[in-house]
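Reading through the structure tokens given below for one structure.
Atoms considered below: every heavy atom in the structure, side chains included; atoms not considered: hydrogens, waters and symmetry mates. Given the structure is predicted, the values throughout are model-derived calculations rather than measurements. Numbered from 1 within each chain, the chains take letters A, B, ... in sequence-line order.
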Number of protein chains: 2
Amino acid sequence: MNKKKTTIKDIANVLNISAAAVSKALHDDSRISAKTKAAVKRVAKELNYQPNHLASALRSGKSKLVGVIVPRTSSNFFSSVIQNIEEVLNKEGYNIIITQSNESFKKECNNIDTLLFTQVDGIIASMANETVDLSFYEKIKSKGIPLILFDRGENDLNVDYIGINDYDSSFMIVEHLISKGCKRIAHIGGFRHTRIFNNRIRGYVDAIRKYDLPHEDDLLVESSLTLEDGRLKMQELLALDNPPDAVYIAGDYAALGALQLLKEKNINVPNDICLIGFGNEPFTSLVTPTITSIHQHSEQIGQLAAQTFLERVKMDDLKQTLNKIILDAELIERDSSKKSKRY
Amino acid sequence: MNKKKTTIKDIANVLNISAAAVSKALHDDSRISAKTKAAVKRVAKELNYQPNHLASALRSGKSKLVGVIVPRTSSNFFSSVIQNIEEVLNKEGYNIIITQSNESFKKECNNIDTLLFTQVDGIIASMANETVDLSFYEKIKSKGIPLILFDRGENDLNVDYIGINDYDSSFMIVEHLISKGCKRIAHIGGFRHTRIFNNRIRGYVDAIRKYDLPHEDDLLVESSLTLEDGRLKMQELLALDNPPDAVYIAGDYAALGALQLLKEKNINVPNDICLIGFGNEPFTSLVTPTITSIHQHSEQIGQLAAQTFLERVKMDDLKQTLNKIILDAELIERDSSKKSKRY
DNA sequence: TATTTTTGCTTAAACGTTTAAGCAAATATA
DNA sequence: TATATTTGCTTAAACGTTTAAGCAAAAATA
């Protein structure tokens with residue numbers, strides 16, 4: 001049981017060279033002879049040498065850790081983004097620390113403190129729904145480490161951002177519904193103070209206007225987009241004097257809640273009311289009817305977030321031209337908007 | 001822009017005392033006067049001092065990081081366990097690093113190396129389906145840091161384990177189906193080499209025997225328990241000369257696949273065939289019909305795993321009495337086993 | 001051959017903490 | 001009053017690396 005870990009000094013002793021030489025040999029420094037390098041690597045392997053990450057991080061000032069903050073890991077979108085971030089960063093020798101905010105501003109602040117305390121080299125984050133106060137994010141910036149936001153996070157912080165074109169996606173959804181013959185299209189949106197949700201609302205409104213459909217105030221409601229709130233807001237829409245014949249909901253979970261309610265009320269989806277979600281969570285293809293939704297290219301978002309981070313750390317501090325990457329999303333048509341009759 | 005971080009030396013300089021005194025003051029050492037402590041803490045706050053975690057970890061040999069390995073974070077079970085681990089450990093000043101194996105043995109080995117490289121103080125893991133070779137887990141043990149397994153991981157490694165009583169759960173499921181009047185009960189189980197799945201199979205077989213039901217080889221199949229394989233194995237069962245009137249499936253995703261197939265074939269669930277899953281994933285209550293399943297108390301599992309870790313680090317190396325905690329699971333009855341007619 | 005450059009290492013300091021050892025002053029005990 | 005104990009600090013080493021500076025020997029150049 002080899003509890004005492006082997007260090008570069010142990011290797012140095014075996015070969016009768018200095019620890020510095022060993023360190024350099026392991027990093028393929030050009031000033032070390034091929035012969036010495038080979039010997040060092042051989043002995044390192046023999047002694048099962050594992051570099052002490054803490055020591056090198058302390059000395060070099062780089063922890064080779066990247067913090068990731070997401071509202072939750074259980075959603076497929078976020079776990080897919082995380083997986084792709086991880087793949088890209090691992091190749092470059094970085095490891096990631098994942099934290100969840102559970103949509104709580106307070107937890108998010110804690111997470112940021114935790115990550116800074118852990119001396120991460122950068123943070124990739126998607127903000128909690130609650131988050132309005134950005135002072136903790138300013139704190140990250142003031143530490144001088146890269147901050148990359150994705151999905152929830154477009155704002156005035158002046159940092160890199162990767163997301164999808166929410167405005168166009170909304171527009172596309174409304175046009176899709178119109179092509180199915182829908183005449184009164186409602187929108188259960190997220191909170192306006194979050195820019196992505198605001199953009200979805202703008203896209204919805206502009207499309208409605210362009211095609212001269214009714215854009216009554218009652219047809220546009222804001223929601224926390226949880227499953228429960230989806231039910232609730234759907235109920236409100238049904239209670240209207242003139243209920244909609246289509247509902248576009250800015251989140252799949254809320255769309256699911258709405259769908260459950262409609263089924264309970266024996267309202268046929270899509271023939272009575274068409275339903276469209278957002279996010280393309282796996283369950284959208286599992287429920288009955290399957291739910292039309294928007295695929296957000298989580299793989300690309302993750303990869304791009306990681307690549308943006310890597311660019312940032314490689315870059316000299318000056319000449320920081322901001323990355324703002326907006327991807328086109330994809331409409332996945334499923335049963336909940338496949339109306340049989342067309343008008 | 002205060003890029004230079006303040007260290008204990010800076011605090012020491014302000015107060016004209018030694019860095020050591022500052023360190024001790026911050027740790028409430030009894031040999032430091034109350035007056036000095038107060039002064040140190042005041043200055044620390046003024047200078048916005050953030051302890052350098054790497055330095056203290058290097059010196060003390062404790063990183064205050066715990067590695068967590070799960071097959072994936074997207075399943076509700078694992079993300080709930082993680083969340084509870086995090087809550088318990090955060091209170092004790094530990095942070096967690098989450099890694100996913102994606103059910104791949106190779107990725108799992110990489111994760112272990114990564115975590116050891118990051119100098120974690122312990123590892124809490126649930127093994128990938130593929131994992132049979134335990135040498136990487138032996139590696140953790142040989143490093144002398146605590147290893148706690150949960151859910152997937154009961155085995156002969158001789159480490160702490162937290163899980164549910166799979167045998168009893170299976171038994172309970174079969175009895176439940178019998179009480180509904182089912183006479184030919186099939187089981188789509190996981191791979192036998194994973195102990196939890198083997199236990200579920202044993203529970204199923206013993207219950208079938210106890211109640212003198214048919215226990216033909218054809219009624220018991222092994223599966224990877226993915227959604228797709230669930231469909232496939234269900235298809236095989238339907239193709240039997242004498243198909244079952246109930247199917248108990250050792251994983252919810254596979255149960256969902258089976259359900260989809262049954263619906264496509266216009267076989268009524270539960271009246272033609274009863275269906276029961278395992279894991280109580282959220283979608284089990286969202287699909288039509290809702291799926292009866294087993295709730296595994298992910299909250300408790302997470303908490304207990306974390307607590308077990310804390311006990312281990314506090315404990316002197318000797319006198320290690322092994323923790324093997326087996327929780328009772330809970331049957332959540334839903335529509336997929338609510339047969340209207342009883343025989 | 002004399003000088004410069006390159007090669008291949010070594011020495012020593014540094015990263016920011018923690019902690020064992022030590023010591024003077026203050027306080028308690030005999 | 002003399003001795004022992006406690007208090008409140010300091011000094012210095014250590015954790016395992018990295019890296020700037022330096023230096024002798026070998027190789028290249030003049």
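Under the side chain to side chain contact (heavy atoms under 4.5 Å, CB included) criterion, B:V14 pairs with B:V43, B:L47, sequence neighbours left out. Every residue meeting the side chain to side chain contact (heavy atoms under 4.5 Å, CB included) condition with A:D113, not counting sequence neighbours, appears here in chain and number order: A:F136, A:K139. In this view, A:R195 and A:E154, A:D156, A:N199 satisfy the side chain to side chain contact (heavy atoms under 4.5 Å, CB included) rule, not counting sequence neighbours. Legend: residues meeting side chain to side chain contact (heavy atoms under 4.5 Å, CB included) with B:L327, ordered by chain and number and at least two apart, are B:I164, B:H297, B:Q300, B:I301, B:L304, B:I325.
Here B:I17 lies in heavy-atom contact (under 4.0 Å) with sugar-phosphate atoms only. A:T7 comes within contact range of the sugar-phosphate backbone alone, with a heavy-atom separation under 4.0 Å but no base atom that close.
Taking atom CG of B:N52 as the reference point, atom P of D:dC15 lies 18 Å away to the nearest angstrom. Atom NZ in A:K37 sits roughly 11 Å away from atom P in C:dT7 (whole-Å rounding). For A:K62 and C:dG16, the NZ to P distance is 13 Å, given to the nearest whole Å. One can place CD of A:Q119 at 11 Å from C1' of C:dC15, the figure rounded to the nearest angstrom. A straight line from NE2 of B:H53 to C1' of C:dG16 spans 13 Å, rounded to a whole angstrom. Look at CD on A:Q50: it is 15 Å from C1' on D:dT17, rounded to the nearest Å. Per the geometry, NZ belonging to A:K5 stands 13 Å off P belonging to D:dC15, to the nearest Å. Between B:F117 atom CZ and D:dT17 atom P the separation is 10 Å, expressed in whole Å.
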Which atom pairs link the protein and nucleotides 18-20 of chain C when you take only N or O atoms and keep those under 3.5 Å?
{"unit_1": "C:dT18", "atom_1": "OP1", "unit_2": "B:H27", "atom_2": "NE2", "d": "3.0"}
{"unit_1": "C:dT18", "atom_1": "OP2", "unit_2": "B:S23", "atom_2": "OG", "d": "2.4"}
{"unit_1": "C:dT18", "atom_1": "O2", "unit_2": "B:R59", "atom_2": "NH1", "d": "2.2"}

Set out, line by line, the N/O atom pairs under 3.5 Å between protein and nucleotides 25-29 of chain C.
none

Between the protein and nucleotides 4-8 of chain D, list every N/O to N/O distance that falls short of 3.5 Å.
{"unit_1": "D:dG8", "atom_1": "N7", "unit_2": "B:R31", "atom_2": "NE", "d": "3.0"}
{"unit_1": "D:dG8", "atom_1": "N7", "unit_2": "B:R31", "atom_2": "NH2", "d": "3.4"}
{"unit_1": "D:dG8", "atom_1": "O6", "unit_2": "B:R31", "atom_2": "NH2", "d": "2.6"}

Which donor-acceptor pairs under 3.5 Å do side chains of residues 116-126 of chain A form with protein atoms, sequence neighbours excluded?
{"unit_1": "A:T118", "atom_1": "OG1", "unit_2": "A:T114", "atom_2": "O", "d": "2.5"}
{"unit_1": "A:D121", "atom_1": "OD1", "unit_2": "A:S63", "atom_2": "N", "d": "2.9"}
{"unit_1": "A:D121", "atom_1": "OD1", "unit_2": "A:S63", "atom_2": "OG", "d": "3.3"}
{"unit_1": "A:D121", "atom_1": "OD2", "unit_2": "A:S63", "atom_2": "N", "d": "3.2"}
{"unit_1": "A:D121", "atom_1": "OD2", "unit_2": "A:K64", "atom_2": "N", "d": "2.7"}
{"unit_1": "A:S126", "atom_1": "OG", "unit_2": "A:F150", "atom_2": "O", "d": "3.1"}
{"unit_1": "A:S126", "atom_1": "OG", "unit_2": "A:R152", "atom_2": "N", "d": "3.3"}

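Legend: salt bridge (charged side-chain N to carboxylate O under 4.0 Å, His left out) pairs involving residues 66-79 of chain B, not counting sequence neighbours, sorted by first then second residue: B:R72-B:E103. Counting only residues at least two apart or in different chains, side-chain hydrogen bond (donor to acceptor under 3.5 Å, both in side chains) contacts with residues 14-25 of chain B are absent. Under the side-chain hydrogen bond (donor to acceptor under 3.5 Å, both in side chains) criterion, the residue pairs touching residues 76-85 of chain A are A:S80-A:S298, A:N84-A:Q303, with sequence neighbours excluded.
With hydrogens and angles ignored, the 3.5 Å screen pairs a side-chain donor or acceptor of A:E130 with a backbone N or O of A:F105. Side-chain atoms of A:N90 never come within 3.5 Å of backbone atoms of A:E87 as a donor-acceptor pair (strictly under, hydrogens ignored). Using a distance-only test at 3.5 Å, with no hydrogens or angles considered, a donor-acceptor pair links the side chain of A:D29 to the main chain of A:R31. A:S75 places a side-chain N or O within 3.5 Å of a backbone atom of A:F77 that can act as its donor or acceptor partner.
Between the two ends of the helix from C:dT1-D:dA30 to C:dA30-D:dT1, each summarised by a five-pair axis, the helix axis turns through 40° (rounded to 10 degrees).
For the pair B:N323/B:E311, a side-chain contact is recorded, criterion being any heavy-atom separation below 4.5 Å from C-beta on.
No more than 12 heavy atoms of other residues, nucleotides or ligands lie within 6.0 Å of NZ in A:K106, so this atom counts as exposed by the packing criterion.
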